[in-house]
Amino acid sequence: MKAWLALVKKEFRIGLPIMLLAVVLFLVGLVIVTATTYKFGYAMDAVGIIGLAWGGGHFFFMAIYMLYSLGVERKRLHLWLHNPMHASGLLAAKLVTGTVYMIISLLIVSIAAYVGGLNFVPFSDGTWFKVGMIAFVHVVSLSIDFSIYVILAYIVFLLLVRYMPTFLSGAAVFIGWWLFAYLYFGLFSQSKFYAAITEWGKIDLGFIANSLQFDISTKEALINMQGEQLTVYAGYYIIELIIILIIYFIASWLLDKKVEV
């Protein structure tokens, strides 16, 4: 356990630039947008909009973090892989540190989204908290979920680069990624079989839809958002968790048995 915690400490040093970059870019964008819209009286609205948009963009945070962190390790791959710890432990250290950094960054962004959002979304404090927590948890979990697929793709790249030029390895992984995305997300996830194994354990989120009854008038455009039935399924989360665990252990096995020699 001490060895793994020491590894986590090292990972915090490696990944710090990504967290700082995310925060700095957000703050710079916030200042520019606020300064631009201040004279028109929409500064706080702009703060809320950029907060919501940047918060949603954290879906890609973990993928970018893992690509950066694994890219750093590639420069000294022999040292990283000669760690006596199993590959699952090495990858877990990166996932834990990346998740902590993502939560810190997302909390900063959430403050702006909340403060600015109060100006154009008339939620009660209780509804804001519920919606915010649901959105926060989903962004974090989906970002981690997506990063597992990215980890597998990068490890396949490390495997291929041993036998092929870097460019060809990258091209093969890129094409393979889009083929997988089409087959899995485009075809399989739309199939009746997928619906049968995931659409159970209905969770009603109707209170969110009912709260989204407000009008936004900008440049004579009127957008009406009426409350409709909104549900999610526990089955989707369970099945996706099983899938990413399988992918994670496949990636760990490849890193241990095929990449490390």
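Because the structure is predicted, anything quoted here is derived from the model rather than measured.
Scanning both residues, Ala87 and Asp256, for their nearest heavy atoms gives N-OD2, 3.2 Å. Here the closest heavy-atom approach between residue Ala46 and residue Val33 is recorded as CB-CG1, 3.3 Å. Annotation for Ser141 and His138: closest pair OG-O, 3.2 Å, computed over non-hydrogen atoms. Val47 and Ala112 get closest at one heavy-atom pair: CG1-O, 3.5 Å.
Residues meeting the salt bridge (Lys or Arg N to Asp or Glu O under 4.0 Å) test with Lys9, sequence neighbours left out: none. The side-chain hydrogen bond (donor to acceptor under 3.5 Å, both in side chains) check on Tyr184 picks up Glu240, with sequence neighbours excluded. Here Arg76 pairs with Glu73 under the salt bridge (Lys or Arg N to Asp or Glu O under 4.0 Å) rule; sequence neighbours left out.
Screening Val161, Thr166, Leu160 for a side-chain contact (heavy atoms from CB on, under 4.5 Å) with Met164, the sole residue that qualifies is Leu160.
With Ser143 contributing its side chain and Met62 its backbone, the two residues share a donor-acceptor pair below 3.5 Å. Tyr149 places no side-chain N or O within 3.5 Å of a backbone atom of Trp177 that could act as its donor or acceptor partner. In this structure a side-chain-to-backbone donor-acceptor pair under 3.5 Å is present from Ser147 to Ile144.
Ring pair Phe188/Tyr194 is perpendicular by interplanar angle, where above 60° counts as perpendicular and below 30° as parallel.
Tyr38 is not connected to Ile49 by any chain of hydrophobic side-chain contacts under 4.5 Å among Ile, Leu, Val, Met, Phe, Trp and Tyr, and they are in different clusters.
When hydrophobic side chains of Ile, Leu, Val, Met, Phe, Trp and Tyr are connected at separations under 4.5 Å, Leu187 ends up clustered with Leu179, Tyr182, Leu183. Here Val24 is tied into one hydrophobic group with Val28, Ile32, each link being a pair of ILVMFWY side chains closer than 4.5 Å.
Under the 6.0 Å cut-off for aromatic ring centres, His86 and Phe249 do not qualify, their centroids lying 6.0 Å or more apart.
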Throw together a table of side-chain donor-acceptor distances under 3.5 angstrom for residues 95-111, partners on residues two or more places apart or in other chains.
{"unit_1": "Thr97", "atom_1": "OG1", "unit_2": "Tyr65", "atom_2": "OH", "d": "2.9"}
{"unit_1": "Thr97", "atom_1": "OG1", "unit_2": "Ala93", "atom_2": "O", "d": "3.0"}
{"unit_1": "Thr97", "atom_1": "OG1", "unit_2": "Lys94", "atom_2": "O", "d": "3.0"}
{"unit_1": "Thr99", "atom_1": "OG1", "unit_2": "Leu95", "atom_2": "O", "d": "2.7"}
{"unit_1": "Tyr101", "atom_1": "OH", "unit_2": "Phe12", "atom_2": "O", "d": "2.6"}
{"unit_1": "Ser105", "atom_1": "OG", "unit_2": "His58", "atom_2": "NE2", "d": "2.7"}
{"unit_1": "Ser110", "atom_1": "OG", "unit_2": "Leu106", "atom_2": "O", "d": "2.6"}

